[in-house]
Amino acid sequence: MKTQKIIFRYICIYVVLLFPSIALANGNKIVGLTCENLQNPLGIESENPLLGWRFDPQKEADLPSAFQIIVSDNLEDIKNGKGNMWDSGKTISGETTQQKYNGERLKAQTRYFWCVRSYNNQGTASEWSEPAFFEMGIIHPSNWMAQWIGDGERRPRNILDLYRNDAAPLLRKEWTIKKPIASARLYITAPVYYETYLNGQKVGDFVLTSGQASSPKTALYNTFDVTALLKPGKNCWGICLGHKTYETSFNELLHCFGGYQTGNRPSVYGQLIIRYTDGHLEYVLTDLTWKTIPGPIRQNSLYGGECYDARAEVPGWNQPGAILYGWRNVSFANSPVKILQPQMFPPLKGQKLIKPVGISRAPSGGFIVDMGQNFTGIVQLKIQGKRGTPITFLYGEQILPDGEVNASISVVTEQKGNNSNSSPATVQQKDTYILRGEGKTESWHPRFTLHKFRYVEITGIEGELSPENITGIVYSSD
């Protein structure tokens, strides 16, 4: 055995002397490429985006001493180790983040591919990383051609008018695609929360879109690759608009207390750009050709909750060929937004599903559901019942001494001139779902609100409540 070890050692020495490059081989494997701190982002607007990467932690990486980045407007060049937009050359630096692109001018609405390799202390290059990409957004204000639109309703002026006039509007537009599609991008924003659909399919898996800007005069737009959602023939683009607290938290609190919000109705601004295989572009815009109708979300508040009346659902509203009874033309919206910027931070998503650890009876006769942990998110309910039956949800982190859920949370209002109200105010976390009642199991969760809670007090259910009927959805940034 000792003789074998000696022989093996001499063989290794001989191989190293004969093939020194083996001893100097760079074992770094580059992974996790990011642009502007996001993986494969769509819709960026920086002229010199920041690139970054990391090394596979499972590899014993050599200490990096330099890197080389290549960027191209086509994937084939990248696969061949060429960068027709930028080749950084061998750059002496051990840094792996915040490396500024310094190549040719980047064009709006164009995808670019890139990869990177590193050099170790012996000057040996690693393998090229797997290609990544980033895609430029609208960039220039002149590239926006859409119009701000809304349902044209006035704000409710009294509590009696609230239920009818504060519903989240549904908007839709149909058009026909006659040629093969190469790609399609949707650019959309709203100073409120929205969900958007193409041919009945929700676009993206974000929640509470779009993100909050630092100023009411700025809106953050989202970019989606929607190529797979379009089809030859009739297509339909649908949008549902909720409320958002970009104005003053005091108005939000009025809504939470059963009052009403002042200000503009929800509005939206977006354009769908379709690139056909023959090179032609088609623009589908938010404009006065759209139709609208009140939706089943009768009220919503970011902190105070949501009221959803399933009896008011509009079947097929976001699909082509829907019967448009009761729909009317949209109106121009007077939006406060002056600046449009891409959302350059990870979106909010439902990241985890959790089931209850216990269900008990509340003193009031309802059910108290214990989710087993505090979290921020919502719950989804599956239930059957009589038409028009209201199911209420109260959310809280604590159980009060009387056995009920403490559904109150404190919200600090913003300061705005002489109308400032900076002291914390109490808001009740409450959702209401009104049953459709068609003899089938109904599944529902709120869309334009979130809650901080461990316990949920649910009232209005006939019979027993099973853990299989309740699912918690944990929200966090992606």
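Numbering starts at 1 and runs along the sequence shown.
Centroid-to-centroid, the aromatic rings of Tyr101 and Trp86 come within less than 6.0 Å.
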Item to complete: Check step by step if side-chain contact (heavy atoms from CB on, under 4.5 Å) holds for Trp237 and Val284.
Response: CA-CA 9 Å; Trp237 179 6; Val284 184; 4.0 Å; yes

Worksheet item: For Trp444 and Phe393, what are the C-alpha separation, side-chain angles and deciding distance, and is it a ring-ring contact (aromatic ring centres under 6.0 Å, His included)?
Response: CA-CA 12 Å; Trp444 174 81; Phe393 305 74; 5.7 Å; yes

Practice prompt. Carefully, step by step, assess Thr392 and Thr432 under the rule side-chain hydrogen bond (donor to acceptor under 3.5 Å, both in side chains).
Written response: CA-CA 4 Å; Thr392 60; Thr432 303; 6.0 Å; no

Item to complete: Output, in order, the C-alpha distance, side-chain angles, deciding distance and verdict of ring-ring contact (aromatic ring centres under 6.0 Å, His included) for Phe375 and Phe453.
Response: CA-CA 6 Å; Phe375 65 97; Phe453 66 101; 4.4 Å; yes

Practice prompt. Show the numbers, then the answer: is there a side-chain hydrogen bond (donor to acceptor under 3.5 Å, both in side chains) between Glu282 and Tyr276?
Written response: CA-CA 8 Å; Glu282 180 179 6; Tyr276 293 106; 2.3 Å; yes

Worksheet entry | Stepwise side-chain hydrogen bond (donor to acceptor under 3.5 Å, both in side chains) check, Gln319 with Asn199 | CA-CA 5 Å; Gln319 300 182 31; Asn199 297 322; over 6 Å; no

Worksheet item: Passes side-chain hydrogen bond (donor to acceptor under 3.5 Å, both in side chains), Asn74 versus Asp77? Steps please.
Response: CA-CA 6 Å; Asn74 67 88; Asp77 273 357; 3.2 Å; yes

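Looking at Asn143 and Gln271, their side chains never bring a donor and an acceptor atom within 3.5 Å of each other. A side-chain donor-acceptor contact under 3.5 Å links Tyr221 and Glu45. Side-chain atoms of Glu442 and Tyr433 form a donor-acceptor pair, as typed in the model, at a separation below 3.5 Å. Of the N and O atoms on the side chains of Glu174 and Asn235, not one donor lies less than 3.5 Å from an acceptor on the other residue. Side-chain contact, Thr289 with Lys173: a donor N or O sits under 3.5 Å from an acceptor N or O. Side-chain N/O atoms of Ser72 and Asn84 include a donor and acceptor closer than 3.5 Å. Side-chain polar atoms of Tyr194 and Asn222 form a donor-acceptor pair below 3.5 angstrom. In the model, Lys291 has a side-chain atom that pairs as donor or acceptor with a side-chain atom of Asn329 under 3.5 Å.
The pair Glu195-Lys202 counts as a salt bridge, with a side-chain nitrogen and a carboxylate oxygen less than 4.0 angstrom apart. A salt bridge is defined here as a Lys NZ or Arg NE, NH1 or NH2 lying under 4.0 Å from an Asp or Glu carboxylate O, and Glu313 with Arg436 meets this definition. The existence of a salt bridge linking Arg265 and Asp166 is confirmed by a sub-4.0 Å separation between a basic side-chain nitrogen and an acidic carboxylate oxygen.
The minimum heavy-atom distance between Trp290 and Leu285, with the atom names listed, is NE1-O, 2.8 Å. The two residues Leu220 and Thr189 make their nearest non-hydrogen contact at O-OG1, 2.9 Å.
The backbone N or O of Gly238 lies less than 3.5 Å from a partner atom in the side chain of Thr196, making a donor-acceptor pair.
Annotation: Gln351, atom CD; neighbour count of heavy atoms from other residues, nucleotides and ligands within 6.0 Å is above 12. When the shell of 6.0 Å around CG of Leu288 is examined, it contains more than 12 heavy atoms from other residues, nucleotides or ligands. Crowding of Lys355 atom NZ: a count of heavy atoms from other residues, nucleotides or ligands under 6.0 Å exceeding 12. The number of heavy atoms from other shown groups lying within 6.0 Å of NZ (Lys382) does not exceed 12. Remark: Lys430 NZ is loosely packed, at most 12 non-hydrogen atoms of other residues, nucleotides or ligands lying under 6.0 Å away.
Relative ring orientation between Tyr269 and Trp144 is described as tilted, the plane-to-plane angle lying within the 30° to 60° band.
Considering only residues two or more places apart in sequence or on other chains, Glu135 meets the salt bridge (Lys or Arg N to Asp or Glu O under 4.0 Å) condition with Arg111, Arg185.
From Thr376, atom OG1 reaches atom CG of Leu450 across 6.5 Å, with rounding to the nearest 0.5 Å.
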